[in-house]
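Each chain gets a letter, A, B and so on, in the order its sequence line appears, and its residues count up from 1. Source: prediction; values computed, not measured.
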Amino acid sequence: MDKLWLIIRREYLTRVKRRSFIIATLLTPMAFAVFFAVVGLIFQYESDDSQRIAIIDEGNVLKRSIKDEHNLYFKFVDVELGLLRENFSEFDYDGILVLPKVKDLLSKHYTAYYYSDKQPTLDIESLIRDRVRESLKEYKIEALQLDPQQLEALDTRVELDPEPIDEAGQNASKLTGAVAAGIGGLMGVIMYIVVFIYGMMVMRSVMEEKSNRIVEVMISSVRPFQLMLGKIIGVGAVGLTQVAIWAILIPIVVFISTLVFGFDTHSQMEVAQTSAAADFNPEDMEAMIALALEEFHGLNWWMILPLFIFYFLGGYFLYSSLFAAVGSAMGDDLGEGQSLTIPITIPVVIAFYIMMVAIEAPNSSLAIWSSIFPLFSPIVMPARLAFSPPLWEILASVVVLAASSVFFVWLSGRIYRVGILMYGKKVTLKELSKWMFYRD
Amino acid sequence: MTNNILSLDNIVKTYDKNVAVDGVSFDVPRGSIFGLLGPNGAGKTSLIRIITTITRSDSGTVFLDGERLGGSHPEQIGYMPEERGLYRKMKVGEHLTYLARLKGLNAIAAREQINYWLEKFEIRDWWNKKVEELSKGMQQKIQFIATVVHQPKLLILDEPFSGLDPVNTNLIKQEIHHLQGEGVSIIFSTHRMEQVEEICEHIVLINQGRNVLEGKVSDIKNKFKKNLYRIQFSGELPAGLETRAQIVEQTPNGITMQVGDEAESNKLLQYLLQHGVVVRSFNEILPTLNEIFIRQVKGGD
């Protein structure tokens with residue numbers, strides 16, 4: 001036990017003290033800051049680029065009133081189009097919008113013309129189109145003598161509010177699904193990254209020890225299993241440290257850069273409104289955000305966080321022990337052993353795709369069974385936690401994962417003890433499975 | 001307290017139908033320098049891994065200092081493998097402390113021992129150097145210190161001089177003798193016979209997983225000698241000499257003769273003296289370990 005602790009300590013300290021670790025840990029939040037700064041700058045830049053557009057409203061569709069957009073300025077002109085086009089460069093306009101007369105009030109088609117020496121950008125084009133469509137709607141309502149209120153009533157917005165059958169059950173609001181999907185997806189992605197980054201770290205470290213030839217000295221003092229377990233725990237602690245630092249630093253950095261660059265939810269909303277044809281107003285949006293936050297607080301975090309840490313550890317132990325086993329079988333040459341890592345990476349990737357599907361349909365039988373299957377559950381189950389899956393599924397998944405982690409660590413230990421002493425031999429999967437049954 | 005630091009009794013080890021060690025038994029006398037010899041692939045490394053508790057034998061028993069080999073014994077053994085390395089990114093002091101503590105030393109004892117050895121090798125100022133900054137020769141010194149830092153009873157050195165420069169070779173040789181003087185028993189595994197002859201008192205020769213020869217170096221040499229004598233002389237050789245003993249080789253300044261057994265050498269010398277030969281030197285030619293080794297290994301096939 002004492003020796004295991006010594007190994008864990010060395011594995012942890014040598015990594016954490018390494019300059020590359022410190023740089024990577026600090027630079028990742030910085031990268032987020034830079035990302036936000038760049039996004040902020042892009043939005044500021046776009047609002048500087050203003051456009052002046054002349055409107056020739058032949059059909060009087062707009063009735064001489066149109067609102068200027070944040071970077072678009074409109075002006076109605078009563079000049080012939082031909083004259084304007086001939087002297088385009090002398091006028092201080094970026095484009096000419098021509099709205100012809102509406103010939104058939106019942107037609108669903110209407111063509112406006114935009115003259116410019118440049119192609120209109122996509123957002124300007126869609127903005128003008130939306131404006132003209134709205135104005136045409138009002139124009140037609142008036143011309144056809146329809147009641148605007150009645151028309152408004154035709155457009156019903158339907159919301160679906162899930163209610164539990166059991167009255168005592170938790171009342172989920174209409175946003176539960178969306179919030180849970182967001183949190184679940186984030187957790188799934190974090191697990192996927194953790195398994196890959198730190199699993200690979202364990203594998204490289206095993207290979208390094210083997211090709212350094214320190215390993216034989218080590219196992220004349222400690223059991224190979226102790227060495228492998230110490231390495232896995234040590235690297236796992238490094239992973240937890242790094243993730244914890246990121247969990248603290250990234251929100252701080254994002255908050256600061258939001259303050260500095262003024263990239264707030266308001267401008268995000270504007271973007272959402274202009275780019276997508278979102279037809280709800282900012283008040284609606286704010287209400288939604290408040291509801292989402294409420295939903296976020298309403299989640300059973302006392303259940304989710306410990307479980308998330310459990311899946312983090314379970315998934316990490318399971319996969320990193322497999323990576324350790326494969327690392328022990330590899331020679332000095334990384335490329336040669338690459339084919340051995342494929343059987344490990346395939347389930348991780350499959351689990352990732354199942355996780356994406358599980359967010360859409362968290363109670364499908366695929367989602368349920370793959371959150372019990374131990375090779376998938378560390379990635380799929382965290383993504384489902386926010387959807388409050390039934391207790392029996394959580395219990396089954398936890399028990400199976402805990403048992404399989406122990407089993408895989410043991411199994412990998414059997415491969416590892418043979419692999420680390422095997423040099424100059426090209427190893428196949430068949431050979432690996434034979435090693436499991438070697439006697440000590 | 002037995003007289004043997006290590007006893008192996010009928011050790012068998014197979015890897016996947018491949019018999020690496022096939023019933024090897026031998027004893028290592030306490031305080032001796034013991035040569036474990038054999039051609040490549042004879043099973044030396046497999047045996048060493050069993051003694052160092054890296055692997056277990058399929059059958060047979062190993063006794064270290066009279067106790068059946070078990071979990072606490074690695075702390076009494078110092079092992080320097082043939083293929084040896086260090087963690088490149090660690091500092092020398094940290095590295096030695098780590099290995100010493102894994103051998104059961106507490107932090108203070110580890111510090112004392114490391115200081116003692118660094119002082120001894122006059123490399124005190126290396127404590128804070130990273131291993132990767134050291135030359136190969138320097139790393140070899142660190143490897144040796146790592147092997148002996150926990151004051152083992154039994155030292156196992158697998159080809160300790162391979163890759164060493166002459167300066168380090170001498171240094172390590174001195175230390176081996178010095179440690180022997182302090183009562184440490186040393187197993188020295190190699191296939192370089194001239195080193196064995198220089199250093200070892202006892203040997204065991206392993207071939208194809210079995211021991212073919214075991215004992216004191218002098219006894220083994222006597223056992224394999226062919227009663228050859230090299231005589232340097234002046235004057236004429238007597239005419240009937242070849243009836244007395246077989247002439248193996250004759251050169252202008254000497255003659256090599258073979259007699260039937262040891263007692264006949266005196267008679268031969270007497271005969272020569274009686275016949276007026278001036279004998280300048282009369283030497284028994286003993287076989288080198290190398291010759292015995294080659295004869296045993298080839299003959300065993």
Side-chain angles (χ1 to χ4, degrees), chain A residues 1-21 204-227 230-231 234 332 414 416-418 420-425 430-440, chain B residues 12-18 45-46 48-59 71-91 94-95 97-107 110 130-132 139 142-144 146-147 149-150 152 156 158:
Chain A
M1 220 47 206
D2 231 16
K3 292 182 181 177
L4 181 64
W5 171 243
L6 282 169
I7 296 168
I8 294 170
R9 220 177 62 130
R10 189 203 85 88
E11 296 290 339
Y12 181 76
L13 287 180
T14 48
R15 282 194 178 72
V16 171
K17 282 199 266 175
R18 215 172 276 172
R19 201 173 295 138
S20 57
F21 173 83
R204 268 202 311 275
S205 154
V206 169
M207 287 175 61
E208 198 187 312
E209 240 165 39
K210 190 182 170 186
S211 60
N212 254 356
R213 318 276 160 156
I214 179 78
V215 72
E216 198 165 347
V217 174
M218 290 299 297
I219 60 172
S220 70
S221 308
V222 298
R223 309 249 21 106
F225 185 73
Q226 283 178 312
L227 183 58
K231 187 177 289 298
D332 298 342
R414 305 217 23 111
Y416 176 84
R417 90 212 136 106
V418 179
I420 45 174
L421 291 174
M422 204 69 89
Y423 288 103
K425 203 170 173 186
K430 200 177 141 206
E431 191 113 16
L432 277 192
S433 54
K434 258 199 226 158
W435 292 354
M436 292 173 205
F437 304 107
Y438 272 18
R439 271 179 294 175
D440 259 332
Chain B
V12 175
K13 177 77 186 173
T14 49
Y15 293 103
D16 195 26
K17 291 175 202 150
N18 184 6
T45 304
S46 299
I48 289 175
R49 284 181 180 166
I50 290 166
I51 298 167
T52 49
T53 73
I54 290 175
T55 54
R56 250 184 285 241
S57 57
D58 298 347
S59 67
S72 66
H73 288 127
E75 295 175 4
Q76 301 172 23
I77 300 175
Y79 172 41
M80 186 153 94
E82 181 179 3
E83 298 278 10
R84 45 191 179 255
L86 298 164
Y87 290 111
R88 294 166 45 77
K89 299 276 177 196
M90 277 181 104
K91 286 177 182 167
E94 275 175 6
H95 202 315
T97 308
Y98 179 55
L99 292 176
R101 297 211 55 194
L102 286 179
K103 285 287 191 186
L105 258 55
N106 64 37
K130 273 194 181 171
V131 170
E132 59 187 348
Q139 289 189 21
I142 304 300
Q143 280 152 356
F144 184 77
T147 314
V149 69
H150 57 293
I156 301 174
D158 195 355

When you compare the side chain of B/Tyr98 with that of A/Ile7, does any pair of heavy atoms fall below 4.5 Å?
yes
Counting only N and O atoms by type, is there a donor-acceptor contact under 3.5 Å from the side chain of A/Asn212 to the main-chain atoms of B/Leu86?
yes
Looking at side-chain heavy atoms only, is the closest gap between A/Arg223 and B/Pro74 below 4.5 Å?
no
To the nearest 0.5 Å, tell me how far A/Arg213 CZ sits from B/Glu82 CD.
10.0 Å
Partners passing side chain to side chain contact (heavy atoms under 4.5 Å, CB included) against B/Pro152 (at least two apart in sequence or in another chain):
B/His150, B/Leu155
Roughly how far apart are A/Arg15 CZ and B/Lys89 NZ, rounded to 0.5 Å?
12.0 Å
Heavy-atom proximity to chain A below 4.5 Å, by part of B/Gln143:
neither
If you define the side chain from C-beta out and look only at heavy atoms, does anything of A/Ser221 sit under 4.5 Å from B/Leu99?
no
Does the distance from a Lys or Arg side-chain N to an Asp or Glu carboxylate O, for A/Lys210 and B/Glu83, drop under 4.0 Å?
no
Looking at every heavy atom in both A/Thr14 and B/Met90, which two are closest together, and how far apart are they?
CG2-CG, 4.0 Å
Name the region of A/Val222, side chain, backbone, both or neither, that has any atom closer than 4.5 Å to a heavy atom of chain B.
side chain
Give, for atom OG1 of B/Thr53 and atom CD1 of A/Ile219, the distance between the pair rounded to the nearest 0.5 Å.
9.0 Å
If one checks every heavy atom of B/Tyr87 against chain A at 4.5 Å, the contacting part turns out to be both
Taking only Lys NZ, Arg NE, NH1 and NH2, and the carboxylate oxygens of Asp or Glu, determine whether B/Glu94 and A/Lys17 approach each other closer than 4.0 Å.
yes
With sequence neighbours excluded, what pairs up with A/Glu216 under the salt bridge (Lys or Arg N to Asp or Glu O under 4.0 Å) test?
B/Arg49
For the OG atom of A/Ser220 and the CG atom of B/Leu102, what is their distance to the nearest 0.5 Å?
9.5 Å
